[in-house]
There are 2 protein chains.
Amino acid sequence: MNAASFYGQAPKHLVAVDCIIFGFDEGKLKLLVMKRKLAPMAGEWSLVGGFVQAEESTDDAAARVLKLTTGLEDIYMDQLHCYGEVNRDTGARVISVAYYALIRIKDHDRPLAQEHGAHWLELHEIPTLIFDHNRMINDALVQLRNNAHFHPIGFELLPEKFTLSQLRSLYEEIYQKTLDKRNFRKKILSLDVMEKLEEKDKTSSKKGAHLYRFDPARYEVLMRKGLVFEI
Amino acid sequence: MNAASFYGQAPKHLVAVDCIIFGFDEGKLKLLVMKRKLAPMAGEWSLVGGFVQAEESTDDAAARVLKLTTGLEDIYMDQLHCYGEVNRDTGARVISVAYYALIRIKDHDRPLAQEHGAHWLELHEIPTLIFDHNRMINDALVQLRNNAHFHPIGFELLPEKFTLSQLRSLYEEIYQKTLDKRNFRKKILSLDVMEKLEEKDKTSSKKGAHLYRFDPARYEVLMRKGLVFEI
DNA sequence: TCAAAAGTGTTTACGTTACACCCATGG
DNA sequence: CCATGGGTGTAACGTAAACACTTTTGA
(Lines give C-alpha, C1' and ligand atoms only; values in the text may rest on other atoms or scores of the structure.)
Protein backbone atom coordinates (compact mmCIF):
# COMPACT_ATOMS: atom_id res chain seq x y z
CA MET A 1 0.00 0.00 0.00
CA ASN A 2 1.48 3.36 -0.94
CA ALA A 3 0.91 6.65 0.80
CA ALA A 4 -1.77 7.90 -1.58
CA SER A 5 -4.01 4.89 -1.15
CA PHE A 6 -3.33 4.67 2.57
CA TYR A 7 -4.69 8.15 3.13
CA GLY A 8 -7.15 7.93 0.25
CA GLN A 9 -9.14 5.08 1.77
CA ALA A 10 -10.06 6.99 4.89
CA PRO A 11 -13.32 8.92 5.17
CA LYS A 12 -13.28 12.68 5.62
CA HIS A 13 -15.21 14.66 8.18
CA LEU A 14 -16.55 18.12 8.79
CA VAL A 15 -14.56 19.61 11.64
CA ALA A 16 -15.82 22.59 13.58
CA VAL A 17 -14.54 24.73 16.40
CA ASP A 18 -16.77 26.04 19.19
CA CYS A 19 -15.68 28.76 21.57
CA ILE A 20 -16.65 29.16 25.19
CA ILE A 21 -15.88 32.83 25.74
CA PHE A 22 -15.65 33.98 29.35
CA GLY A 23 -15.79 37.58 30.50
CA PHE A 24 -15.95 39.33 33.85
CA ASP A 25 -18.07 42.42 34.28
CA GLU A 26 -19.71 44.14 37.22
CA GLY A 27 -18.44 41.47 39.56
CA LYS A 28 -19.99 38.65 37.56
CA LEU A 29 -18.52 35.90 35.41
CA LYS A 30 -20.27 35.94 32.05
CA LEU A 31 -20.40 33.88 28.91
CA LEU A 32 -20.86 34.93 25.31
CA VAL A 33 -23.62 32.96 23.62
CA MET A 34 -25.43 33.67 20.40
CA LYS A 35 -28.98 33.63 19.33
CA ARG A 36 -28.67 32.35 15.79
CA LYS A 37 -30.07 34.54 13.05
CA LEU A 38 -29.52 32.07 10.22
CA ALA A 39 -30.95 28.68 9.43
CA PRO A 40 -30.44 25.98 10.45
CA MET A 41 -31.61 26.44 14.02
CA ALA A 42 -32.45 30.13 13.66
CA GLY A 43 -33.61 31.48 16.97
CA GLU A 44 -31.84 28.79 18.96
CA TRP A 45 -29.07 29.57 21.42
CA SER A 46 -25.61 28.30 20.64
CA LEU A 47 -21.94 28.87 21.25
CA VAL A 48 -19.87 30.85 18.80
CA GLY A 49 -18.42 28.46 16.24
CA GLY A 50 -17.40 27.74 12.69
CA PHE A 51 -15.87 25.16 10.40
CA VAL A 52 -12.16 24.49 10.16
CA GLN A 53 -10.94 25.50 6.73
CA ALA A 54 -8.54 23.54 4.54
CA GLU A 55 -5.45 25.67 5.12
CA GLU A 56 -6.10 26.56 8.73
CA SER A 57 -5.13 24.88 11.98
CA THR A 58 -7.85 24.24 14.53
CA ASP A 59 -6.21 26.81 16.81
CA ASP A 60 -6.31 29.37 14.01
CA ALA A 61 -9.94 28.55 13.29
CA ALA A 62 -10.85 29.21 16.92
CA ALA A 63 -8.93 32.51 16.87
CA ARG A 64 -10.67 33.50 13.64
CA VAL A 65 -14.10 32.73 15.06
CA LEU A 66 -13.30 34.71 18.20
CA LYS A 67 -12.15 37.69 16.19
CA LEU A 68 -15.19 37.53 13.96
CA THR A 69 -17.54 37.89 16.92
CA THR A 70 -15.60 40.09 19.31
CA GLY A 71 -13.05 41.90 17.14
CA LEU A 72 -10.33 40.71 19.52
CA GLU A 73 -6.98 39.19 18.64
CA ASP A 74 -4.11 37.77 20.70
CA ILE A 75 -6.45 36.51 23.35
CA TYR A 76 -5.89 33.79 25.92
CA MET A 77 -7.37 30.61 24.45
CA ASP A 78 -6.94 27.02 25.41
CA GLN A 79 -8.24 23.86 23.86
CA LEU A 80 -10.90 22.22 25.97
CA HIS A 81 -11.81 18.93 24.35
CA CYS A 82 -12.64 17.34 21.05
CA TYR A 83 -16.27 16.21 20.85
CA GLY A 84 -16.46 13.34 18.42
CA GLU A 85 -19.80 11.59 18.87
CA VAL A 86 -21.34 10.56 15.56
CA ASN A 87 -24.72 12.19 16.12
CA ARG A 88 -23.81 15.15 18.26
CA ASP A 89 -24.78 17.58 15.49
CA THR A 90 -28.27 16.93 14.14
CA GLY A 91 -27.51 18.40 10.71
CA ALA A 92 -24.52 16.29 9.71
CA ARG A 93 -21.66 14.37 11.24
CA VAL A 94 -19.46 17.11 12.61
CA ILE A 95 -16.48 16.64 14.89
CA SER A 96 -16.07 19.69 17.07
CA VAL A 97 -12.98 20.94 18.84
CA ALA A 98 -13.98 23.23 21.70
CA TYR A 99 -11.81 26.09 22.95
CA TYR A 100 -12.33 28.42 25.83
CA ALA A 101 -11.21 32.03 25.79
CA LEU A 102 -10.81 34.62 28.52
CA ILE A 103 -11.38 38.20 27.46
CA ARG A 104 -11.75 41.62 29.00
CA ILE A 105 -15.37 42.41 28.24
CA LYS A 106 -14.66 46.13 28.10
CA ASP A 107 -12.24 45.62 25.19
CA HIS A 108 -14.52 43.78 22.83
CA ASP A 109 -16.33 45.26 19.86
CA ARG A 110 -19.86 45.49 21.22
CA PRO A 111 -21.61 46.47 17.94
CA LEU A 112 -19.85 43.66 16.09
CA ALA A 113 -20.95 41.16 18.73
CA GLN A 114 -24.49 42.47 18.62
CA GLU A 115 -24.52 42.19 14.84
CA HIS A 116 -23.74 38.48 15.25
CA GLY A 117 -26.55 38.02 17.72
CA ALA A 118 -24.16 37.60 20.64
CA HIS A 119 -25.26 38.13 24.25
CA TRP A 120 -23.33 38.18 27.50
CA LEU A 121 -25.13 36.03 30.04
CA GLU A 122 -24.34 35.20 33.62
CA LEU A 123 -23.81 31.55 34.41
CA HIS A 124 -27.24 31.10 35.98
CA GLU A 125 -28.90 32.71 32.96
CA ILE A 126 -27.53 30.25 30.41
CA PRO A 127 -30.45 28.70 28.53
CA THR A 128 -30.58 25.35 26.80
CA LEU A 129 -28.27 25.52 23.81
CA ILE A 130 -28.16 23.41 20.66
CA PHE A 131 -26.43 20.05 20.43
CA ASP A 132 -23.93 19.35 23.21
CA HIS A 133 -23.09 23.00 23.83
CA ASN A 134 -24.33 22.98 27.44
CA ARG A 135 -22.04 20.07 28.13
CA MET A 136 -19.18 22.01 26.59
CA ILE A 137 -19.90 24.91 28.92
CA ASN A 138 -19.92 22.65 31.96
CA ASP A 139 -16.65 21.09 30.89
CA ALA A 140 -15.18 24.56 30.32
CA LEU A 141 -16.20 25.69 33.80
CA VAL A 142 -14.53 22.69 35.36
CA GLN A 143 -11.39 23.34 33.37
CA LEU A 144 -11.45 27.06 34.13
CA ARG A 145 -11.59 26.28 37.85
CA ASN A 146 -8.78 23.75 37.70
CA ASN A 147 -6.69 25.99 35.53
CA ALA A 148 -7.25 29.17 37.56
CA HIS A 149 -6.08 27.27 40.63
CA PHE A 150 -2.53 26.79 39.39
CA HIS A 151 -2.04 29.32 36.62
CA PRO A 152 -2.33 33.09 36.59
CA ILE A 153 -5.14 33.14 34.07
CA GLY A 154 -7.53 35.21 36.18
CA PHE A 155 -5.69 38.34 35.12
CA GLU A 156 -6.83 37.74 31.53
CA LEU A 157 -10.36 38.60 32.63
CA LEU A 158 -9.52 41.81 34.46
CA PRO A 159 -8.46 45.20 33.13
CA GLU A 160 -4.73 45.78 33.05
CA LYS A 161 -4.95 47.68 36.33
CA PHE A 162 -7.17 46.26 39.02
CA THR A 163 -7.75 46.36 42.75
CA LEU A 164 -7.32 43.44 45.10
CA SER A 165 -11.05 43.53 45.78
CA GLN A 166 -11.77 43.06 42.08
CA LEU A 167 -9.32 40.19 41.91
CA ARG A 168 -10.85 38.54 44.93
CA SER A 169 -14.38 38.87 43.67
CA LEU A 170 -13.25 37.32 40.38
CA TYR A 171 -11.90 34.27 42.18
CA GLU A 172 -15.05 34.14 44.29
CA GLU A 173 -17.05 33.98 41.07
CA ILE A 174 -14.84 31.32 39.52
CA TYR A 175 -14.85 29.10 42.59
CA GLN A 176 -18.37 30.02 43.62
CA LYS A 177 -17.41 30.56 47.23
CA THR A 178 -16.48 33.49 49.40
CA LEU A 179 -12.83 33.98 50.23
CA ASP A 180 -11.46 35.54 53.40
CA LYS A 181 -10.27 39.05 52.61
CA ARG A 182 -7.12 38.99 54.73
CA ASN A 183 -6.06 35.49 53.78
CA PHE A 184 -6.60 36.21 50.10
CA ARG A 185 -4.48 39.37 50.19
CA LYS A 186 -1.76 37.57 52.12
CA LYS A 187 -1.64 34.67 49.67
CA ILE A 188 -1.78 36.58 46.42
CA LEU A 189 0.72 39.21 47.56
CA SER A 190 3.10 36.54 48.84
CA LEU A 191 3.28 35.16 45.30
CA ASP A 192 4.96 38.43 44.37
CA VAL A 193 3.80 38.49 40.76
CA MET A 194 1.99 41.80 40.83
CA GLU A 195 3.26 45.35 40.75
CA LYS A 196 1.63 47.78 43.19
CA LEU A 197 0.89 51.08 41.48
CA GLU A 198 0.77 54.53 43.06
CA GLU A 199 -2.63 55.17 41.48
CA LYS A 200 -5.79 54.49 43.38
CA ASP A 201 -9.20 53.48 42.14
CA LYS A 202 -11.86 55.60 43.80
CA THR A 203 -14.88 54.32 41.91
CA SER A 204 -15.94 51.89 44.59
CA SER A 205 -14.92 53.58 47.83
CA LYS A 206 -14.22 57.01 49.23
CA LYS A 207 -10.89 55.90 50.62
CA GLY A 208 -9.76 54.47 47.29
CA ALA A 209 -8.04 51.14 46.66
CA HIS A 210 -4.56 50.69 45.31
CA LEU A 211 -4.32 49.45 41.75
CA TYR A 212 -2.11 46.51 40.87
CA ARG A 213 -0.78 45.15 37.62
CA PHE A 214 0.16 41.55 36.85
CA ASP A 215 3.80 41.28 35.83
CA PRO A 216 4.22 38.36 33.41
CA ALA A 217 8.01 38.73 33.31
CA ARG A 218 8.24 38.45 37.09
CA TYR A 219 5.96 35.43 36.95
CA GLU A 220 8.18 33.75 34.35
CA VAL A 221 11.30 34.30 36.42
CA LEU A 222 9.68 32.89 39.55
CA MET A 223 8.31 29.88 37.66
CA ARG A 224 11.78 29.06 36.42
CA LYS A 225 12.95 29.19 40.01
CA GLY A 226 10.34 26.55 40.85
CA LEU A 227 7.63 28.69 42.46
CA VAL A 228 4.30 26.97 42.57
CA PHE A 229 1.53 29.40 41.70
CA GLU A 230 -1.54 28.44 43.64
CA ILE A 231 -4.55 30.50 44.54
CA MET B 1 -29.11 29.57 3.55
CA ASN B 2 -30.51 26.14 4.29
CA ALA B 3 -28.91 23.42 6.31
CA ALA B 4 -27.62 21.46 3.36
CA SER B 5 -25.71 24.36 1.84
CA PHE B 6 -24.53 25.56 5.24
CA TYR B 7 -22.82 22.26 5.94
CA GLY B 8 -22.06 21.57 2.28
CA GLN B 9 -19.78 24.59 1.87
CA ALA B 10 -17.35 23.48 4.53
CA PRO B 11 -14.23 21.48 3.69
CA LYS B 12 -13.78 17.96 5.02
CA HIS B 13 -10.75 16.57 6.75
CA LEU B 14 -9.05 13.30 7.48
CA VAL B 15 -9.32 12.70 11.21
CA ALA B 16 -7.09 10.22 12.99
CA VAL B 17 -6.70 8.95 16.51
CA ASP B 18 -3.33 8.23 18.09
CA CYS B 19 -2.97 6.27 21.31
CA ILE B 20 -0.35 6.72 23.97
CA ILE B 21 -0.52 3.38 25.74
CA PHE B 22 1.09 3.18 29.18
CA GLY B 23 1.96 0.00 30.97
CA PHE B 24 3.81 -0.88 34.17
CA ASP B 25 6.05 -3.90 34.29
CA GLU B 26 8.99 -4.97 36.42
CA GLY B 27 8.82 -1.71 38.32
CA LYS B 28 9.08 0.40 35.18
CA LEU B 29 6.62 2.63 33.38
CA LYS B 30 6.53 1.64 29.73
CA LEU B 31 5.01 2.84 26.50
CA LEU B 32 3.75 0.89 23.52
CA VAL B 33 5.23 2.18 20.28
CA MET B 34 5.29 0.56 16.88
CA LYS B 35 7.89 0.08 14.26
CA ARG B 36 5.83 0.42 11.12
CA LYS B 37 5.91 -2.47 8.72
CA LEU B 38 3.91 -0.80 5.96
CA ALA B 39 4.55 2.18 3.74
CA PRO B 40 4.38 5.10 4.19
CA MET B 41 7.16 5.49 6.74
CA ALA B 42 7.98 1.79 6.94
CA GLY B 43 10.67 1.26 9.53
CA GLU B 44 9.87 4.49 11.36
CA TRP B 45 8.69 4.54 14.95
CA SER B 46 5.21 5.81 15.65
CA LEU B 47 2.34 5.65 18.06
CA VAL B 48 -0.52 3.28 17.50
CA GLY B 49 -3.17 5.03 15.45
CA GLY B 50 -5.82 4.92 12.78
CA PHE B 51 -8.42 6.94 10.94
CA VAL B 52 -11.82 7.78 12.36
CA GLN B 53 -14.48 6.01 10.32
CA ALA B 54 -17.75 7.50 9.15
CA GLU B 55 -20.03 5.79 11.65
CA GLU B 56 -17.67 5.82 14.61
CA SER B 57 -17.04 8.33 17.36
CA THR B 58 -13.48 9.40 18.04
CA ASP B 59 -13.66 7.59 21.40
CA ASP B 60 -14.76 4.42 19.63
CA ALA B 61 -11.99 4.79 17.07
CA ALA B 62 -9.41 4.99 19.86
CA ALA B 63 -10.89 1.94 21.57
CA ARG B 64 -10.87 0.05 18.27
CA VAL B 65 -7.23 0.91 17.61
CA LEU B 66 -6.31 -0.15 21.13
CA LYS B 67 -8.08 -3.46 20.74
CA LEU B 68 -6.51 -4.07 17.36
CA THR B 69 -3.02 -3.83 18.80
CA THR B 70 -3.42 -5.23 22.30
CA GLY B 71 -6.56 -7.33 22.17
CA LEU B 72 -7.89 -5.41 25.18
CA GLU B 73 -11.34 -3.94 25.67
CA ASP B 74 -12.94 -1.85 28.42
CA ILE B 75 -9.69 -0.13 29.20
CA TYR B 76 -9.13 3.17 30.95
CA MET B 77 -8.74 5.78 28.20
CA ASP B 78 -8.88 9.50 28.32
CA GLN B 79 -8.68 12.07 25.58
CA LEU B 80 -5.45 14.00 25.67
CA HIS B 81 -5.66 16.72 23.05
CA CYS B 82 -6.62 17.38 19.46
CA TYR B 83 -3.62 18.17 17.28
CA GLY B 84 -4.82 20.34 14.41
CA GLU B 85 -1.81 21.91 12.76
CA VAL B 86 -2.12 21.96 8.96
CA ASN B 87 1.23 20.30 8.21
CA ARG B 88 1.66 18.05 11.21
CA ASP B 89 1.33 14.95 9.01
CA THR B 90 3.68 14.98 6.04
CA GLY B 91 1.46 12.77 3.89
CA ALA B 92 -1.77 14.75 3.96
CA ARG B 93 -3.65 17.19 6.13
CA VAL B 94 -4.74 15.03 9.05
CA ILE B 95 -6.28 16.25 12.28
CA SER B 96 -5.39 13.88 15.06
CA VAL B 97 -7.14 13.32 18.36
CA ALA B 98 -4.76 11.76 20.86
CA TYR B 99 -5.84 9.46 23.66
CA TYR B 100 -3.87 7.88 26.43
CA ALA B 101 -4.63 4.48 27.83
CA LEU B 102 -3.52 2.68 30.96
CA ILE B 103 -3.30 -1.08 30.69
CA ARG B 104 -2.05 -4.02 32.68
CA ILE B 105 0.82 -5.22 30.52
CA LYS B 106 0.33 -8.80 31.67
CA ASP B 107 -3.20 -8.85 30.27
CA HIS B 108 -2.45 -7.83 26.72
CA ASP B 109 -2.19 -10.13 23.74
CA ARG B 110 1.54 -10.26 23.22
CA PRO B 111 1.58 -12.14 19.89
CA LEU B 112 -1.03 -9.75 18.48
CA ALA B 113 1.04 -6.76 19.53
CA GLN B 114 4.17 -8.30 18.05
CA GLU B 115 2.37 -8.96 14.80
CA HIS B 116 1.64 -5.23 14.60
CA GLY B 117 5.27 -4.36 15.20
CA ALA B 118 4.54 -3.06 18.69
CA HIS B 119 7.27 -2.76 21.32
CA TRP B 120 7.15 -1.86 25.00
CA LEU B 121 9.83 0.71 25.72
CA GLU B 122 10.80 2.47 28.91
CA LEU B 123 10.50 6.22 28.90
CA HIS B 124 14.22 6.80 28.46
CA GLU B 125 14.30 4.39 25.53
CA ILE B 126 11.73 6.22 23.41
CA PRO B 127 13.28 7.04 20.03
CA THR B 128 12.34 9.84 17.67
CA LEU B 129 8.88 9.10 16.32
CA ILE B 130 7.13 10.36 13.20
CA PHE B 131 5.30 13.68 12.98
CA ASP B 132 4.42 15.22 16.35
CA HIS B 133 4.22 11.91 18.19
CA ASN B 134 7.04 12.73 20.60
CA ARG B 135 5.19 15.89 21.57
CA MET B 136 2.07 13.81 22.15
CA ILE B 137 4.01 11.53 24.48
CA ASN B 138 5.37 14.48 26.44
CA ASP B 139 1.88 15.94 26.75
CA ALA B 140 0.55 12.55 27.84
CA LEU B 141 3.19 12.26 30.55
CA VAL B 142 2.29 15.67 31.92
CA GLN B 143 -1.38 14.76 31.91
CA LEU B 144 -0.72 11.34 33.47
CA ARG B 145 1.14 13.03 36.33
CA ASN B 146 -1.55 15.62 36.91
CA ASN B 147 -4.28 13.07 36.64
CA ALA B 148 -2.63 10.48 38.88
CA HIS B 149 -2.29 13.15 41.52
CA PHE B 150 -6.02 13.56 42.05
CA HIS B 151 -7.65 10.47 40.59
CA PRO B 152 -7.18 6.81 41.41
CA ILE B 153 -5.91 5.90 37.96
CA GLY B 154 -2.69 4.27 39.11
CA PHE B 155 -4.64 1.12 39.90
CA GLU B 156 -5.38 0.71 36.17
CA LEU B 157 -1.72 -0.08 35.63
CA LEU B 158 -1.40 -2.68 38.38
CA PRO B 159 -2.77 -6.21 38.61
CA GLU B 160 -6.04 -6.49 40.46
CA LYS B 161 -4.19 -7.53 43.60
CA PHE B 162 -1.03 -5.65 44.44
CA THR B 163 1.25 -4.88 47.35
CA LEU B 164 1.83 -1.45 48.79
CA SER B 165 5.43 -1.63 47.62
CA GLN B 166 4.28 -2.16 44.05
CA LEU B 167 1.89 0.75 44.34
CA ARG B 168 4.58 2.99 45.75
CA SER B 169 7.09 2.09 43.09
CA LEU B 170 4.45 2.86 40.46
CA TYR B 171 3.96 6.35 41.85
CA GLU B 172 7.71 6.77 42.09
CA GLU B 173 7.92 5.98 38.38
CA ILE B 174 5.10 8.34 37.47
CA TYR B 175 6.44 11.26 39.50
CA GLN B 176 10.08 10.35 38.92
CA LYS B 177 10.98 10.77 42.55
CA THR B 178 11.38 8.55 45.56
CA LEU B 179 8.60 8.53 48.13
CA ASP B 180 8.99 7.90 51.84
CA LYS B 181 7.75 4.41 52.61
CA ARG B 182 5.97 5.21 55.87
CA ASN B 183 4.42 8.45 54.70
CA PHE B 184 3.19 6.82 51.52
CA ARG B 185 1.53 3.96 53.40
CA LYS B 186 -0.03 6.38 55.84
CA LYS B 187 -1.46 8.57 53.11
CA ILE B 188 -2.78 5.90 50.79
CA LEU B 189 -4.29 3.85 53.60
CA SER B 190 -5.91 6.92 55.14
CA LEU B 191 -7.85 7.39 51.90
CA ASP B 192 -9.57 4.14 52.74
CA VAL B 193 -10.26 3.09 49.15
CA MET B 194 -8.46 -0.22 49.21
CA GLU B 195 -9.40 -3.56 50.62
CA LYS B 196 -6.70 -5.42 52.52
CA LEU B 197 -6.68 -9.09 51.57
CA GLU B 198 -5.63 -12.02 53.70
CA GLU B 199 -3.39 -13.28 50.93
CA LYS B 200 0.25 -12.41 50.84
CA ASP B 201 2.59 -12.02 47.94
CA LYS B 202 5.82 -13.87 48.63
CA THR B 203 7.51 -13.34 45.29
CA SER B 204 9.61 -10.42 46.44
CA SER B 205 10.32 -11.18 50.09
CA LYS B 206 10.51 -14.07 52.50
CA LYS B 207 8.16 -12.45 54.95
CA GLY B 208 5.57 -11.79 52.26
CA ALA B 209 3.60 -8.59 51.68
CA HIS B 210 -0.13 -8.19 52.10
CA LEU B 211 -2.08 -7.85 48.90
CA TYR B 212 -4.58 -5.06 48.47
CA ARG B 213 -7.37 -4.48 46.03
CA PHE B 214 -8.76 -1.11 44.91
CA ASP B 215 -12.47 -0.83 45.73
CA PRO B 216 -14.18 1.40 43.13
CA ALA B 217 -17.51 1.29 44.97
CA ARG B 218 -15.92 2.52 48.19
CA TYR B 219 -14.16 5.23 46.23
CA GLU B 220 -17.45 6.38 44.67
CA VAL B 221 -19.15 6.59 48.03
CA LEU B 222 -16.32 8.62 49.53
CA MET B 223 -16.19 10.93 46.54
CA ARG B 224 -19.86 11.69 46.91
CA LYS B 225 -19.16 12.56 50.54
CA GLY B 226 -16.63 15.10 49.34
CA LEU B 227 -13.38 13.25 49.95
CA VAL B 228 -10.49 14.67 48.00
CA PHE B 229 -8.36 11.90 46.59
CA GLU B 230 -4.77 13.08 46.52
CA ILE B 231 -1.59 11.12 46.40
C1' DT C 1 -20.32 62.92 61.21
C1' DC C 2 -21.24 58.80 59.27
C1' DA C 3 -21.48 55.27 55.82
C1' DA C 4 -18.74 52.27 53.03
C1' DA C 5 -14.96 49.96 51.47
C1' DA C 6 -9.72 49.49 52.32
C1' DG C 7 -6.37 47.80 54.90
C1' DT C 8 -3.93 45.19 58.56
C1' DG C 9 -1.69 40.47 62.48
C1' DT C 10 -2.03 36.89 65.41
C1' DT C 11 -3.43 32.50 67.06
C1' DT C 12 -4.90 27.81 66.18
C1' DA C 13 -5.48 23.62 63.72
C1' DC C 14 -4.03 20.50 60.54
C1' DG C 15 -1.41 18.13 57.23
C1' DT C 16 3.41 17.16 55.53
C1' DT C 17 7.90 15.81 56.32
C1' DA C 18 11.72 13.61 58.31
C1' DC C 19 13.49 9.84 60.38
C1' DA C 20 15.25 4.32 62.49
C1' DC C 21 14.27 0.10 64.24
C1' DC C 22 11.98 -4.57 64.78
C1' DC C 23 9.53 -8.51 62.28
C1' DA C 24 8.92 -12.69 59.71
C1' DT C 25 10.76 -16.13 56.93
C1' DG C 26 13.13 -18.98 53.29
C1' DG C 27 17.31 -20.41 52.05
C1' DC D 1 21.35 -17.75 61.46
C1' DC D 2 21.24 -14.26 58.46
C1' DA D 3 19.85 -11.56 54.49
C1' DT D 4 15.86 -9.43 52.57
C1' DG D 5 12.03 -6.77 52.11
C1' DG D 6 7.69 -5.78 55.23
C1' DG D 7 5.88 -3.19 58.55
C1' DT D 8 5.40 0.50 62.21
C1' DG D 9 5.08 5.87 65.32
C1' DT D 10 6.36 10.36 66.74
C1' DA D 11 8.15 14.98 66.81
C1' DA D 12 9.12 19.28 64.19
C1' DC D 13 7.65 22.20 60.84
C1' DG D 14 5.07 25.00 57.82
C1' DT D 15 0.87 26.34 55.57
C1' DA D 16 -4.08 27.29 55.83
C1' DA D 17 -7.90 28.93 58.39
C1' DA D 18 -10.36 31.69 61.56
C1' DC D 19 -11.20 35.98 63.18
C1' DA D 20 -12.30 42.08 64.35
C1' DC D 21 -10.92 46.46 64.46
C1' DT D 22 -8.88 50.93 62.50
C1' DT D 23 -8.36 54.09 58.51
C1' DT D 24 -9.82 57.19 54.99
C1' DT D 25 -12.80 60.35 52.86
C1' DG D 26 -16.81 62.01 50.00
C1' DA D 27 -21.35 63.04 50.63
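Note: hydrogens, waters and symmetry copies are ignored here, and every other heavy atom, side chains too, is used. Per chain, numbering begins at 1; letters A, B, ... match sequence-line order.
Taking atom CG of residue B:Leu179 and atom P of nucleotide C:dC19, one finds them 15 Å apart after rounding to whole Å. Rounded to whole angstrom, the span from the CG atom of A:Asp201 across to the C1' atom of D:dT24 amounts to 15 Å. As rounded to whole Å, 18 Å separates atom P of C:dC14 from atom NZ of B:Lys187. At whole-Å resolution of the value, NZ in A:Lys202 and P in C:dA6 are 13 Å apart. Here C:dT16 presents its P atom at 9 Å from CD1 of B:Ile231, a figure rounded to the nearest Å.
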### Task
Could you please spell out the steps behind the side-chain hydrogen bond (donor to acceptor under 3.5 Å, both in side chains) verdict for B:Asp201 and B:Thr163?
CA-CA 7 Å; B:Asp201 173 299; B:Thr163 67; over 6 Å; no
### Stepwise side-chain hydrogen bond (donor to acceptor under 3.5 Å, both in side chains) test for A:Ser57 and A:Asp59
CA-CA 5 Å; A:Ser57 71; A:Asp59 291 3; 5.3 Å; no
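Ring geometry for B:Phe155 versus B:Phe229: interplanar angle over 60°, hence perpendicular rather than tilted (30 to 60°).
Ring pair A:His81/A:Tyr83: centre-to-centre distance below 6.0 Å.
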### Contact state string [nucleotides 3-12 of chain D, B base, S sugar-phosphate only, - no protein heavy atom under 4.0 Å]
-BBBBBBB--
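A salt bridge does not link B:Glu44 with B:Arg36: every distance from a Lys NZ or Arg NE/NH1/NH2 to an Asp or Glu carboxylate oxygen is 4.0 Å or more.
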For residues 115-130 of chain A, which side-chain N or O atoms pair as donor and acceptor with protein atoms under 3.5 Å away, sequence neighbours left out?
{"unit_1": "A:His116", "atom_1": "ND1", "unit_2": "A:Leu112", "atom_2": "O", "d": "3.0"}
{"unit_1": "A:Trp120", "atom_1": "NE1", "unit_2": "A:His108", "atom_2": "NE2", "d": "3.1"}
{"unit_1": "A:Glu125", "atom_1": "OE1", "unit_2": "A:Glu122", "atom_2": "N", "d": "2.7"}

